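Residue numbers start at 1 and run along the sequence shown. The shown structure was predicted, so the numbers you read here are calculated from the model rather than taken from an experiment.
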Amino acid sequence: MRSLITSKAFQESKFDIALALGRTITNEPYIVDLTKNATPSGGRSYRSGKVCCINAIITSILYKKHPAEVKFVLIDPKRVELPLI
């Protein structure tokens, strides 16, 4: 995650809400705009990486936006995906 957050592609992105989600097959940072993908699908299958995706989204937003611009509401009614929060 550190290499994605510190990459030039992420630092210079002009997206409203930039998300660093991983790397492409050519090892380029894969940065997307959350406003264009407003409803990221969270699969229901066991151990499919949902928590990693949630952590990547939170980390990307916290590193890219000023604290005054960020407000979070995280709801996990079954306390399955976010048990520590």
Nearest 0.5 Å, please: how far is OG in Ser60 from CD1 in Ile17? 11.0 Å

side-chain hydrogen bond (donor to acceptor under 3.5 Å, both in side chains) partners for Thr59, two or more places apart: none

Qualifying residues under side-chain contact (heavy atoms from CB on, under 4.5 Å), relative to Glu12, sequence neighbours excluded: Lys8

Distance in Å, Ile57 CD1 paired with Leu19 CG, rounded so as to fall on 0.5 Å steps: 5.5 Å

Restricting to pairs with a member in residues 14-30, which pass side chain to side chain donor-acceptor pair (under 3.5 Å), not counting sequence neighbours? Ser3-Arg23, Thr24-Thr26

Apart from Ile5 itself, members of its ILVMFWY cluster (side-chain separation under 4.5 Å) are Met1, Leu4, Phe10, Phe15, Ile31, Tyr63

Could you tell me whether the side chain of Lys64 and the main chain of Gln11 form a donor-acceptor pair under 3.5 Å? yes

